[in-house]
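Here is the structure we will look at.
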Amino acid sequence: MSVSDVLSLARPEIRAFRPYSSARMEADEASVMLNANEAWGNGSSDGGVLLNRYPEPQPGGLRARLAELYEVAGDNVLMTRGSDEGMDLLLRAFCRAGKDAILITPPTFGMYAISAGVQGAGVVEAPLDAGFGVDVDAILDAVSPAMKLVFLCSPNNPTGTLTPLAKIERLATALAGRALLVVDEAYIEFADAPSAAALLPRHANLVVLRTLSKAWALAAARVGVVLAHREVAALLERILAPYPLPAPSVELVLQALSRPEAMRERIGRVRGERERMAGLLGALTGVREVLPSAANFLAVRFDDAHAIQARLAAAGIVVRDLSGQPRLADALRITIARSEDNDAVLDALCESAYGGVAG
Ligand SMILES: *Cc1c(COP(=O)(O)O)cnc(C)c1O
């Protein structure tokens with residue numbers, strides 16, 4: 001699929017319009033900067049971050065580090081306010097209100113349908129198969145000319161299921177000329193599996209969403225990344241807010257990226273705790289099934305999920321109720337945390353299994 005085929009799927013008015021040109025885009029280096037109505041002074045905070053000036057719209061240093069991290073070229077990288085903003089940009093650039101649609105594979109992450117709703121785009125569903133795997137044929141059967149984006153989440157939130165790269169490649173190939181395939185890899189670091197970003201050079205219609213919010217423990221910094229063909233990234237940048245990334249966030253992300261060992265260590269601990277919890281939870285009375293997870297959470301089916309949720313709440317533990325998701329009415333999603341917090345979950349559940357000893 002050539003990139004012009006991909007760009008022809010975008011809203012014509014977005015391709016045609018002239019984006020806002022911020023002062024910082026036009027000039028960002030002179031001894032006296034009088035083009036952006038900023039305050040004078042050195043403006044630096046205790047941490048040394050320059051606060052009186054608008055930040056770089058797409059900070060070059062961070063872009064280079066992220067390109068290295070994700071093993072793509074710098075112009076494949078677009079930094080956004082969380083990957084939630086990446087989803088929103090895709091919807092706004094590719095879907096005309098009242099005309100176009102996206103495809104989702106329920107049970108899956110809720111934000112794709114929310115972004116579609118905000119944009120006035122339709123939502124078509126191709127449910128996951130019996131084992132919560134992606135059903136490629138069901139997706140291809142559901143594709144229509146109105147459908148511009150196919151969202152896959154791998155590992156999937158809330159089931160934890162990983163989609164093999166071969167399946168992603170098969171879909172990207174089959175969708176060429178028809179739709180973009182957006183693979184949300186918010187949890188891929190926990191999976192010990194290759195990123196779909198490796199397929200970008202061969203598939204212009206592929207978009208991969210990454211985030212610093214989960215494995216990098218930077219949810220409050222709000223930095224997400226769209227990895228895409230450079231012309232798709234450039235199209236999305238046209239509709240991105242002028243100065244999306246706060247300088248303190250950029251600084252914090254750079255600091256975290258300079259300590260990859262801390263991240264790897266955390267991933268190792270999460271994986272170890274995930275396997276321990278899956279084994280112990282699976283053996284408890286009242287637990288129907290622990291879904292195999294490649295992420296930092298477990299979806300667990302119970303005989304009485306609501307009673308379990310109440311029991312956990314009484315112990316001061318909140319988990320995610322999945323009863324609104326198709327085929328998960330009896331399930332809760334439990335984040336894998338520090339071992340002492342995981343133990344607290346097990347303790348509360350053991351009490352409930354033996355008839356409710358204490359609250
Ligand atoms: C947590 C999560 C994200 C990350 O969102 P940010 O806006 O980057 O914090 C993206 N996709 C899924 C499926 C998630 O669960």
Side-chain angles (χ1 to χ4, degrees), residues 58 62 66 69-70 77-92 102-116 118 123 125 128 132-134 149-163 168 180-191 193 195-197 206-228 233 236 240-241 244-246 249-250 252-253 256-257 263 266-267 270 274 291 293-299 318-322 324-326 328 331-337:
Q58 289 285 299
L62 182 56
L66 292 170
L69 177 68
Y70 299 134
V77 172
L78 181 71
M79 293 158 278
T80 53
R81 289 165 289 192
S83 47
D84 286 334
E85 184 171 46
M87 296 160 205
D88 186 58
L89 294 176
L90 283 160
L91 254 301
R92 290 199 278 158
I102 68 165
L103 182 141
I104 62 170
T105 60
T108 193
F109 190 48
M111 278 306 294
Y112 316 135
I114 300 285
S115 292
V118 172
V123 179
E125 300 188 344
L128 295 175
F132 294 112
V134 167
L149 305 169
V150 171
F151 280 92
L152 289 190
C153 186
S154 178
N156 185 42
N157 180 4
T159 58
T161 327
L162 182 77
T163 302
I168 292 173
L180 273 78
L181 177 61
V182 184
V183 184
D184 181 349
E185 293 188 333
Y187 300 99
I188 191 77
E189 292 92 340
F190 301 103
S195 166
L206 180 67
V207 175
V208 178
L209 301 177
R210 303 291 298 254
T211 181
L212 280 295
S213 294
K214 305 285 163 49
W216 291 93
L218 288 168
R222 307 305 305 128
V223 178
V225 190
V226 178
L227 304 177
L236 299 177
L240 184 58
L245 302 167
S249 285
V250 170
L252 289 168
V253 171
L257 292 177
M263 179 272 211
R266 189 166 44 246
I267 300 282
V270 168
R274 180 180 72 203
L291 301 188
S293 172
N296 67 341
F297 54 79
L298 292 169
V318 247
V319 296
R320 190 81 153 159
D321 174 8
L322 298 182
Q325 289 272 10
L328 293 173
L332 301 173
R333 192 192 68 199
I334 307 174
T335 305
I336 300 300

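Start at 1 and go down the list; that is how both ligands and their atoms are numbered. Owing to the predicted nature of the structure, the values given are computational and were not obtained by experimental measurement.
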Output the list of atoms in ligand 1 that are nearer than 4.0 Å to some heavy atom of S213, sorted by atom number.
6 (P), 8 (O), 9 (O)
Using modelled atom types and a 3.5 Å cut-off, is there a donor and acceptor pairing between side-chain atoms of Q325 and backbone atoms of P106?
no
Any R222 heavy atom less than 4.0 Å to ligand 1:
yes
L89 vs L240 side-chain heavy atoms within contact, under 4.5 Å
yes
Please determine whether a side-chain nitrogen of the Lys or Arg among E189 and R210 lies less than 4.0 Å from a carboxylate oxygen of the Asp or Glu.
yes
Between D84 and ligand 1, which part of the residue brings a heavy atom under 4.0 Å of the ligand: side chain, backbone, both or neither?
both
Would you mind checking which non-hydrogen protein atom is closest to atom 15 (O) of ligand 1, with the distance to 0.1 Å?
Y187 OH, 2.6 Å
Test your reading of the model: is there a side-chain donor-acceptor pair from T80 to the backbone of G224, 3.5 Å cut-off?
yes
Which bit of C153 gets closer than 4.0 Å to ligand 1, counting heavy atoms only: side chain, backbone, both or neither?
side chain
Donor-acceptor pair, side chain of D184 and main chain of N156, under 3.5 angstrom
no
Has E185 got a side-chain atom pairing as donor or acceptor with A196's backbone, closer than 3.5 angstrom?
yes
Determine whether the side chain, the backbone, both or neither of E185 has a heavy atom under 4.0 Å from any heavy atom of ligand 1.
neither
Show the atoms of ligand 1 that are less than 4.0 angstrom away from any heavy atom in M87.
10 (C), 11 (N)
Parallel under 30°, tilted from 30 to 60°, perpendicular over 60°: which one fits the rings of Y112 and F109?
perpendicular
If the contact criterion is a heavy-atom separation under 4.0 Å, does M111 count as touching ligand 1?
no
Strictly distance-based, threshold 3.5 Å: is any side-chain N or O of R333 a donor or acceptor partner for the main-chain N or O of D321?
no
Which protein non-hydrogen atom lies closest to atom 6 (P) of ligand 1, naming both residue and atom, and how far is it?
S83 N, 3.4 Å
What's the shortest distance from atom 12 (C) of ligand 1 to any protein heavy atom, and which residue and atom give it?
D184 OD2, 3.4 Å
Whether A186 lies under 4.0 Å from ligand 1, heavy atom:
yes
Under a 4.0 angstrom heavy-atom cut-off, which atoms of ligand 1 come close to K214?
1 (C), 2 (C), 3 (C), 4 (C), 14 (C), 15 (O)
So which heavy atom on A295 is nearest to which on P155, and how close?
CB-CB, 4.1 Å
Provide the number and element of each atom of ligand 1 under 4.0 Å from a heavy atom of G82.
6 (P), 7 (O), 8 (O)
